[in-house]
There are 2 protein chains.
Amino acid sequence: MPRPDRPTSPASTSDGAADRPPAGDEGAVTARPRAGLLQIGQVAERTGLSLRTIRFYEENGLVVPTARSEGGYRLYSDADVARLEVIKRMKPLGFSLEEMRQLLTLLADLTVAGAHHREALTDRLRMFHEAATARVGALREQLAVAEGFAATLADRLDRAR
Amino acid sequence: MPRPDRPTSPASTSDGAADRPPAGDEGAVTARPRAGLLQIGQVAERTGLSLRTIRFYEENGLVVPTARSEGGYRLYSDADVARLEVIKRMKPLGFSLEEMRQLLTLLADLTVAGAHHREALTDRLRMFHEAATARVGALREQLAVAEGFAATLADRLDRAR
DNA sequence: ACACAACCTAACCCTCACGTCAGGGAAAGG
DNA sequence: CCTTTCCCTGACGTGAGGGTTAGGTTGTGT
């Protein structure tokens, strides 16, 4: 079973991320190895996160790959990737990894419908929402300051032209 | 020459920042020691920066206090404070300390009117302005993502209420 | 003159979210 | 066999500060 991809591209910058998702039959739609699992490089490509970052998130319990290959390669499911994408969306809110971990768990717990603690969960969710709202406000202010400073620079530019 | 402030407040939380700006005559407007110079605590209060941060900026050559007291206290002029405030405005743009240092110098150089390198200076200024504009764009996007996520949270909140 | 409270100093280590090597193993093909 | 390309772990580095410690300075009240 040979491999279709990489038709002789000898030079590369090094550890990049692209390629070799073993055995997708010729003309397959999207690279997909045996069990619908992606390896880290492909995940990085899809999410725009660095390999280091993805590993780091695992180290901190944020997204642990569903499986490992015999040789120890991390193998990510679509759900894993989705989790990573949620994290990406949270990032601008400036939550810490720990907070993100908690929020992820919380959201998962809430999705399990059968939660008896529903009340407590929504309470915690409300707190996260408040924190998020606060951060959004802070961000807005930062943006305003940034715009202001950029304007100042523009000013000095054509004042000194 | 006695001091007006602190009319016997024995308990305090500790290192705060307020107080003893020596000898402002009774009923003075704003605390002012001898030569219109402020000590670090007062600067912190005015700028909203932490003592640590202000010292850190000095360590990195961003704002070196105009003077020191006999005993080694940092003494800041109004110009120093102004510099700190400029830094505060730059911060949301995500420049590194080094970049901010350069930009501060650049702006100062430009103000010295008599610059022969005016051209080169404005060129550098233009580059900073471009960087700033780029960052503003990035910030806007971050804000959008943040708002989006906050909305998602709000959604889950009343979907699960 | 002395004690004192409030302020300051330098010097240290700690945190967070990664980046950056270094050295070695795995997957696939020639 | 060898080569590529990808992946692994482990360890150290970085940026922008935070916190703590042990001690010096300043102005004041008595």
Side-chain angles (χ1 to χ4, degrees), chain A residues 1-24 31 33-34 38-45 49-60 62 65 68-76 87-88 90-91 94-101, chain B residues 1-24 31 33-34 38-45 49-60 62 65 68-76 87-88 90-91 94-101:
Chain A
M1 231 197 204
R3 279 180 52 221
D5 28 341
R6 172 148 308 102
T8 37
S9 59
S12 159
T13 40
S14 86
D15 197 45
D19 245 65
R20 222 216 37 238
R34 15 194 152 294
L38 304 168
Q39 44 183 82
I40 199 170
Q42 306 173 286
V43 174
E45 210 177 355
L49 297 169
S50 76
L51 303 190
R52 178 63 175 96
T53 298
I54 297 175
R55 294 196 192 108
F56 182 70
Y57 286 168
E58 176 185 358
E59 228 174 302
N60 287 271
L62 282 173
R68 289 272 190 154
S69 80
E70 287 241 341
Y73 284 24
R74 290 171 178 79
L75 297 175
Y76 295 87
I87 294 175
K88 251 195 113 182
M90 294 186 191
K91 284 224 57 204
F95 288 148
S96 73
L97 292 197
E98 174 58 16
E99 287 168 325
M100 290 199 271
R101 207 183 49 66
Chain B
M1 237 195 201
R3 277 180 54 222
D5 28 344
R6 176 147 306 102
T8 36
S9 58
S12 159
T13 39
S14 85
D15 196 47
D19 242 67
R20 223 218 36 240
R34 18 191 150 295
L38 304 169
Q39 46 184 83
I40 199 170
Q42 306 173 288
V43 173
E45 211 177 356
L49 298 169
S50 76
L51 305 190
R52 181 65 176 84
T53 298
I54 298 176
R55 294 195 191 107
F56 184 70
Y57 286 167
E58 176 185 357
E59 228 173 304
N60 287 272
L62 282 173
R68 289 270 191 155
S69 79
E70 286 242 342
Y73 284 24
R74 291 171 177 80
L75 298 174
Y76 295 87
I87 294 175
K88 254 195 108 182
M90 293 185 193
K91 284 225 55 204
F95 288 148
S96 72
L97 292 197
E98 174 58 16
E99 287 168 325
M100 290 199 269
R101 207 182 51 66

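Below, read A as the first sequence line, B as the second, and so on, with proteins coming before strands; counting in each chain starts at 1.
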Please report the distance, rounded to the nearest Å, between [atom1] in [X] and [atom2] in [N].
| X | N | atom1 | atom2 | result |
| --- | --- | --- | --- | --- |
| B:R55 | D:dT20 | CZ | C1' | 12 Å |
| A:E59 | C:dA17 | CD | P | 12 Å |
| A:R101 | C:dA17 | CZ | P | 12 Å |
| A:R68 | D:dC7 | CZ | P | 12 Å |
| A:I40 | C:dA27 | CD1 | C1' | 16 Å |
| A:I54 | C:dG19 | CD1 | C1' | 15 Å |
| A:L62 | C:dA17 | CG | C1' | 11 Å |
| A:L38 | D:dC7 | CG | P | 11 Å |

Using a cut-off of less than 4.0 Å, is there contact between a side-chain N or O of B:S69 and OP1 or OP2 of D:dT25?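 Checking D:dT25 against B:S69, no side-chain N or O comes under 4.0 Å of OP1 or OP2.
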Answer yes or no: does a side-chain N or O of A:R74 lie under 4.0 Å from OP1 or OP2 of D:dC7? no
Report yes if some heavy atom in the side chain of [X] is under 4.5 Å from a heavy atom in the side chain of [Y]; otherwise report no.
| X | Y | value |
| --- | --- | --- |
| A:L97 | A:F56 | yes |
| B:R55 | B:R74 | yes |
| A:I40 | A:Y73 | no |
| B:L75 | B:P65 | no |
| A:L62 | A:M100 | yes |

Sequence neighbours excluded, which residues qualify as side-chain hydrogen bond (donor to acceptor under 3.5 Å, both in side chains) partners of A:R52? none
Got a list of protein N/O to nucleotides 13-19 of chain D N/O distances below 3.5 Å?
residue : atom : partner : partner atom : Å
D:dA16  : OP1  : B:L97   : N            : 3.4
D:dG17  : OP1  : B:K91   : NZ           : 3.4
D:dG17  : OP2  : B:Y57   : OH           : 2.9
D:dG18  : OP2  : B:S50   : OG           : 2.6
D:dG18  : OP2  : B:T53   : OG1          : 3.0
D:dG18  : N7   : B:R52   : NE           : 3.1
D:dG18  : O6   : B:R52   : NH2          : 3.0
D:dG19  : O6   : B:R52   : NE           : 3.3

Taking salt bridge (charged side-chain N to carboxylate O under 4.0 Å, His left out) as the test, write out the residues that go with B:E98, two or more places apart. B:R101
Side chain of B:Y73 - closest among D:dT26, D:dG24, C:dA26: D:dG24
